[in-house]
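Below: the structure, in structure tokens.
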Amino acid sequence: MKMGANWLTALMHVSFCLPTECYLFHKTAETPSQKETIKHSVWRCSICTYDNDETMSSCDICGVLHGPLLNNSIYDKKRTANIFDLKSSRVSSTVVGRDEAVKVSSMRSDSSNLSTEKGKHNRLDEINILKNIEVGPPAGSRTSDNCSASVPEGWLDHVDESSVAVNLQSSVKRSLSLMPKERNVMVDDSSSSRNGGEANSLTSNLENISFAAKSGHSNDANPGRANSRAQYKPEKWMLPEKAEHSLTQLNLAIVGHVDSGKSTLSGRLLHLLGRISQKEMHKYEKEAKLQGKGSFAYAWALDESAEERERGITMTVAVAYFDSKRYHVVVLDSPGHKDFVPNMITGATQADASILVIDASIGSFEAGMDGTKGQTREHAQLIRSFGVDQLIVAVNKMDAVDYSKERFDLIISQLGTFLRSCGFKDSSVSWIPLSAVENQNLVSAPSNFRLSWYHGPNLLDAIDSFQPPTREFSKPLIMPICDVIKSPSQGQVSACGKLEAGAVRSGSKVLVMPSATIATVRSLERDSQACPIGRAGDNIAVSLNGIDGNHVMAGGVLCHPDFPIAFAKHLELKVLVLDGATPILIGSQLEFHIHHAKEAARVARISSLLDSKTGKVAKKAPRCILAKQSAVVEVILQEAICVEEFSKCKVLGRVFLRTLGRTVAVGIVTRIVEEQ
Ligand code: GTP
Ligand code: MG
């Protein structure tokens with residue numbers, strides 16, 4: 001099925017548990033004594049201020065690169081300029097059932113032309129690029145003094161108990177400009193305490209900004225909200241019972257350079273695991289052959305649109321699933337072509353873990369590593385930026401290099417260096433040589449004697465070796481809305497998305513933001529089946545009662561009525577301008593992307609440049625931010641969006657900024673300067 005409208009409800013859950021052994025083969029625990037005896041000098045991350053060991057080329061906490069992208073001279077540093085070169089893209093949403101593919105909807109988005117997006121359904125979810133950036137306290141907050149202090153790993157989790165851990169977002173984004181201007185009655189004390197009133201016009205906002213002298217002011221726009229979130233006590237039913245033995249859901253993004261075999265590998269895996277029947281496979285083979293695309297038969301299971309099949313490339317993220325021994329795996333098969341990077345981001349933002357598919361063929365691996373056009377590099381860097389730190393490198397098409405160990409080793413050596421520079425730890429990366437076409441090393445040990453030199457796990461074992469994702473069960477409800485299903489005839493509306501925190505069940509009252517309207521949960525669906533409770537980590541469709549369908553919108557958020565999230569257009573951000581990107585100036589017009597929403601934004605102020613080593617203010621009020629510099633800026637959005645400070649809610653506080661189809665900066669929301 002294709003990611004997009006209604007895909008959540010289209011997920012069909014059929015348990016298929018393969019009796020595989022679980023190998024924890026790549027985790028090598030470091031003993032405390034080892035840790036203590038090894039002492040290196042450190043460098044401080046300019047974004048999160050974590051003190052990293054000098055041997056780390058990127059921040060161990062947030063993945064931000066330290067110094068140049070690569071030390072390896074075989075790569076041309078300047079050529080990394082184009083890694084975020086994005087163009088328009090199309091997302092078609094289709095659903096593949098077990099028996100046949102059904103087209104559900106098709107939408108178009110051009111990320112380079114934001115202003116024309118108003119009123120359309122924007123399907124490109126380029127949000128949460130900073131999934132992994134766990135930053136220090138908001139610049140200027142009460143805790144800002146700690147910014148330069150050495151902090152232990154994972155410290156952010158303790159900075160603010162209201163902080164909601166990162167999970168993954170679903171796929172759909174629509175501009176919040178679609179929201180009706182008038183908003184419904186505020187529903188309770190906490191919501192009515194927000195800054196109300198009409199939104200200021202962009203011009204008047206710019207004229208009337210009361211600029212803080214520096215980043216570092218009290219940045220808690222609504223301290224009451226933060227405190228109350230910390231005091232939240234979940235009800236018993238919200239927490240999973242120990243007796244529940246359902247498989248943990250693992251969202252698995254399949255990424256990699258164009259034509260590396262991602263769809264073929266995914267299709268083959270699904271076929272081997274019984275998710276695609278023999279009959280269906282025959283059908284794909286026959287049709288593919290008829291169109292002269294015989295080698296794409298397995299890929300056709302995921303590449304469903306006529307255009308994808310004709311061109312032989314994936315254009316949109318396909319969603320499928322299977323059950324392994326440990327996980328209910330949601331496969332997110334991403335496009336590899338650079339024109340469809342925004343769609344790849346759609347899948348990657350939801351990933352708990354990822355498979356990076358490499359084409360081992362001579363010249364193809366090298367093409368993927370090319371600094372200008374190579375999506376191996378770009379995808380690896382992007383998924384790490386989203387917080388994915390568990391990776392399988394599937395070295396595919398080994399049949400094309402005669403299953404050569406030398407070729408495999410060369411790929412490990414060259415790509416391994418790059419992955420380290422992206423912030424992947426060696427211990428969290430598994431390398432699996434395989435052939436999707438010849439079915440070698442996918443779900444069982446290789447049968448081809450030429451691969452007899454390999455003694456590691458097969459692909460499925462490696463998937464089962466991923467660490468389970470953490471979920472925020474005991475936090476107040478947060479569900480960014482990725483899609484809305486309306487049934488006007490029955491007067492029903494359902495919000496779809498991934499529960500990032502908390503839980504809901506039938507009868508629960510939820511606050512629908514930004515309309516600030518209370519609705520009652522009528523029923524829930526998970527994998528197209530009714531379910532009694534949805535908990536953090538679940539992809540669900542929430543059918544709502546007591547609300548006008550126009551007030552439920554992708555880009556909005558379902559939250560707990562007592563813990564409303566913010567709705568704002570004037571924000572302070574900490575940003576890192578990417579290597580090779582054009583400088584950001586005061587007045588720069590950018591696309592602002594956050595969870596499932598994007599808005600036009602203007603850089604209203606550059607408060608300070610931050611020292612990349614210490615994270616301290618290096619220069620106040622600079623005129624521009626150059627590539628690889630980090631800074632504190634204020635942006636004013638054209639329309640308000642649902643947002644939170646990153647320290648309070650990671651998933652609603654990660655942003656990235658784009659212009660002319662390219663991502664120029666990633667960042668986090670450090671302060672909501674003014675709420676609507
Ligand atoms: P995009 O989604 O467009 O980036 O491509 P992809 O990575 O999904 O590649 P796809 O699965 O469409 O396969 C591209 C071509 O590689 C097809 O012709 C496949 O038959 C071929 N291919 C895939 N896996 C293998 C393999 O293991 N060995 C060989 N020799 N060819 C393969
Ligand atoms: Mg593909």
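In each ligand, atom 1 is the first atom listed, and ligand 1 is the first ligand listed. Since we're looking at a predicted model, the values are computed, not measured.
- Contact annotation for D399 and ligand 1: only side-chain heavy atoms (C-beta onward) come within less than 4.0 Å of the ligand.
- Residue contacts with ligand 1: G261 is placed with a nitrogen or oxygen under 3.5 Å of a nitrogen or oxygen of the ligand (distance criterion only).
- Near I313, meaning under 4.0 Å from one of its heavy atoms, ligand 1 places the atoms 3 (O).
- Relative ring orientation between F408 and Y454 is described as perpendicular, the plane-to-plane angle rising above 60° on a 0-90° scale split at 30° and 60°.
- Taking any N or O of A400, backbone or side chain, none lies under 3.5 Å from an N or O belonging to ligand 1.
- Remark: ligand 1 and S260 share an N or O pair separated by less than 3.5 Å (distance only, no angle test).
- Residue T264 touches ligand 1 through backbone and side chain together, judged by heavy-atom distances below 4.0 Å.
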Which is it for L356 and I392 under the side chain to side chain contact (heavy atoms under 4.5 Å, CB included) test, yes or no, and what are the steps along the way? CA-CA 6 Å; L356 176 63; I392 291 172; over 6 Å; no
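- A donor-acceptor pair under 3.5 Å is absent between the side-chain atoms of Q414 and the main chain of L410, judged by distance alone.
- Between the OG1 atom of T314 and the OG atom of S263, the angle centred on the Mg ion (ligand 2) amounts to 90° when rounded to 10°.
- With ligand atoms numbered from 1 in the order given, ligand 1 contributes 1 (P), 2 (O), 4 (O), 5 (O), 6 (P), 7 (O), 8 (O), 9 (O), 11 (O) to contacts under 4.0 Å with heavy atoms of K262.
- Protein heavy atom at the shortest distance from atom 18 (O) of ligand 1 is S295 OG, 2.7 Å.
- For ligand 1, the polar-atom distance check finds no N/O of D303 at less than 3.5 Å from any of the ligand's N/O atoms.
- Heavy atoms of other residues, nucleotides or ligands lying less than 6.0 angstrom from NZ of K405 number 12 at most.
- At the shortest separation from atom 26 (C) of ligand 1 among protein heavy atoms lies K397 CG, 3.4 Å.
- In summary, the atoms of ligand 1 found under 4.0 Å from a heavy atom of V258, numbered by their order in the structure, are 3 (O), 4 (O).
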